[in-house]
Amino acid sequence: MLPKVLATIGLLIFGALIPVLEISPTHVFNEQWPPHARLHEVWQLATNTSLAVLCLWLVWIRGGVPLASAIGICVMGGVLFAHLVSDLYGGSLTYDGGVDLAVSGLHITEIIPMLAIGLFVLAAVMDRKSRIKSSASG
């Protein structure tokens, strides 16, 4: 049960929390963003939310914690990749005039994906150990 809960928390980060934060004047409704960039933002949010719903189905109906966790790692790893290469395309962790939240030198938009990835890894490892233990005793 705990692996399912851990995976679910990670999935809710990119499937619910991030859309709630980004369907706002700072992102989707940011008039300073070109309309095409806003279209890509909505596309990304819709895709990630759809993937999260699919993964929740995998976790709770199909018992697919490892696959759901792998998909979650891909999504949240993409966030970290975008941060790593942001100098190549002129990206930024914050918008002009935005709040710059950092803890111990890491920006909050780096901490949250790392936390989600950690939850996915832990969920997959715990699920695997539980399956090994069940098959050994059965």
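- No side-chain donor-acceptor contact under 3.5 Å links R38 to the backbone of F29.
- Within the structure, the side-chain hydrogen bond (donor to acceptor under 3.5 Å, both in side chains) test picks out no pair touching residues 67-80 (sequence neighbours left out).
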Under 3.5 Å, sequence neighbours excluded: what are the donor-acceptor pairs made by side chains of residues 113-124?
none

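- For V42, the side chain to side chain contact (heavy atoms under 4.5 Å, CB included) test picks out V28, with sequence neighbours left out.
- Residues forming a side-chain hydrogen bond (donor to acceptor under 3.5 Å, both in side chains) with S130 (at least two apart in sequence, or on another chain): none.
- Counting only residues at least two apart or on different chains, the side-chain hydrogen bond (donor to acceptor under 3.5 Å, both in side chains) pairs with a member in residues 1-23 are T8-W60.
- Partners of R131 under the salt bridge (charged side-chain N to carboxylate O under 4.0 Å, His left out) rule, at least two apart in sequence or in another chain, are D127.
- Residues forming a side chain to side chain contact (heavy atoms under 4.5 Å, CB included) with L21 (at least two apart in sequence, or on another chain): L17.
- Partners of H40 by side-chain hydrogen bond (donor to acceptor under 3.5 Å, both in side chains), not counting sequence neighbours, listed by chain and number: H36.
- Looking at every heavy atom in both residues, T26 comes nearest to W33 through O-CZ2, 3.8 Å.
- Every residue two or more places apart in sequence or in another chain was checked for a side chain to side chain contact (heavy atoms under 4.5 Å, CB included) with V20, and none qualifies.
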**Study point:** Check against side chain to side chain contact (heavy atoms under 4.5 Å, CB included), I71 and L58
**Key:** CA-CA 11 Å; I71 293 168; L58 284 170; 4.2 Å; yes

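- Annotation: side chain to side chain contact (heavy atoms under 4.5 Å, CB included) contacts of L84 (sequence neighbours excluded): none.
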